[in-house]
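Just so it is clear, the values below take in all heavy atoms, side chains as well, and ignore hydrogens, waters and symmetry mates. Remember, it's a predicted structure, so these values are computed and weren't measured experimentally. Each chain gets a letter, A, B and so on, in the order its sequence line appears, and its residues count up from 1.
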Amino acid sequence: MEFKRVSPYKFVVEKHGNMRVDALLISSDKLIQYVEKDKALEQLLWVATLPGIVKYSIGMPDIHQGYAFPIGGVGAFFYDGGVVSPGGVGFDINCGVRVIKTNLKYDYIKDSLEELGKTLFKMIPAGLGSTSDYTFSIEESKRAMKLGLEWAVEKGFAKEEDIENIEDNGRLEADPDCVSRHAIERGREEFGTLGAGNHFLEVDKVVEIYDKDLANAWGLYEGQIVVWMHTGSRGLGHQIATDYLDLMRPKMEKFGFKLVDRDSVYFPIQEDLSQRYLLAMGSAANFAWVNRQVLTYFVRKAFSKVFGMDYEKLGMEILYDVAHNIAKQEQYEVNGKLETLLVHRKGATRSFPKGHPKLKGKFKETGQPVLLPGDMKRGSYILVGSEKSIKETFGSVAHGAGRVLSRHQAVKQITFEDVQKELQREGILLYTNDKVVAREEAPLAYKSIDLVVEPIVNEGLANLVARSKPLIVIKG
DNA sequence: ATGTCC
């Protein structure tokens, strides 16, 4: 396939065949080789064929093969004539990342790392099929799905101030009556659970500050201990995706829409079924924010226990929480006109700049934090959204490092002892319920996050603020 | 990602 380089880190495949728009790839000479041999490219071009797509189908530097849409893909659609695609959101609806700050410095906690790791591992339900001690009735679960963070405040899992530090304040428009009983049944035992695969909880040390003013404004500094978590809506979101794919699939034909594979389902936005999907998706998104909030509650408890201090005294405020599997109604200028679009971000993080109407409070003054986790050894980046992302990528950037080895390849090449030794050399403590998952998630199975950040920063889609490295890793 | 295919 012919990529045309249009700037140092931007590549275009011009529209051809059934494509309605071009495909735009944010990448680099080092990364583009991974795309060319991956099914992700085919998927990126397929998204460009969908009705009502605006400007171009976009691939991020961490693009790789997913179901229907590529992971690391962005597609924006006109409400009039456009489509919604459950595969453009992903099975793990509102999979996302949260960072919690502390006022602890590394030197203060370095002798307590093992105790902290053990305490966290005991308190955090992790692994495939993990359930929580906090289970709720169907009715109460539905209230959580409707209210998001407001429900978490009401139940004592959150304090009022947490709300302003979360994308969309932890609540999208939702209607739990659009969610199947089966999906709710799966969700009611999953409040405050980490899950498996690439989901994780980490205690990190801030090792570098790139933007002192912004770091100050956000309360970040070198040597600071911060907590990262990556999880989503668990079985609940997965069930909703499955349900709506099954509901939409047999009805696609009447619009002249054709499947290219089992999950390449899309449906006119204005149809009732699409509206119901979006309200179910909102319910799962709210559930995911509540899930990360209950986990935050556990993390605050664990730190309080180990350091014998109330979590507020430990400065355990949320820095920010981003959704990287989601579809949102947002406004963009298209051909000189302000248009309302449905933006699918699948494995892509919102990157809104200062002054954006959707940002509030201090983030309106600074732009939003963009949280880009790397692998369990090399650490993660905190960036800030920029105006250029609004003009070029519908306010979006990548979502993380992306795999370089498939799960199967990783398990074949890497033993659990290999992973342990590699982390031990760096002084990183690993806790896991599943040694196979640890091998699948080995640092060597991932690209360097530096490679993913490079095109983003050089194209000015987001700007560097800080970098952190893991001390404690908890995996499913 | 996911009670890894009711």
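Under the 6.0 Å cut-off for aromatic ring centres, His324(A) and His230(A) qualify, their centroids lying closer than that.
With rounding to whole Å, Phe287(A) atom CZ is found 11 Å from dT2(B) atom P. When rounded to the nearest whole Å, the span between OH of Tyr67(A) and P of dC5(B) equals 8 Å. When rounded to the nearest whole Å, the span between NE2 of His199(A) and P of dT2(B) equals 5 Å. Atoms CD (Glu440(A)) and P (dT2(B)) sit 12 Å apart, rounded to a whole Å. Remark: C1' of dT2(B) and CD1 of Ile93(A) are 12 Å apart, rounded to the nearest angstrom. dT4(B) atom C1' lies 12 Å from atom CZ of Phe91(A), rounded to whole Å. Per the geometry, CD belonging to Glu185(A) stands 19 Å off P belonging to dT2(B), to the nearest Å. The interatomic distance linking Tyr244(A) (OH) with dT2(B) (P) rounds to 21 Å, in whole Å.
Across all strands shown, Glu190(A) has heavy atoms under 4.0 Å from sugar-phosphate atoms exclusively, and none from any base. Residue Arg262(A) is classed as having no contact, given no heavy-atom separation below 4.0 Å to the nucleic acid. At a threshold of 4.0 angstrom between heavy atoms, the contacts of His182(A) include nucleobase atoms, whether or not backbone atoms are also involved. Among the heavy atoms of the strands, none lies under 4.0 Å from Ala241(A).
When side chains are defined from C-beta on, Arg439(A) counts as touching Val411(A), because their heavy atoms get closer than 4.5 Å.
The one candidate from Trp151(A), Phe298(A), Tyr134(A) that meets the ring-ring contact (aromatic ring centres under 6.0 Å, His included) condition with Phe191(A) is Trp151(A).
Enclosure of atom NZ in Lys159(A) by more than 12 non-hydrogen atoms of other residues, nucleotides or ligands within 6.0 angstrom is indicated.
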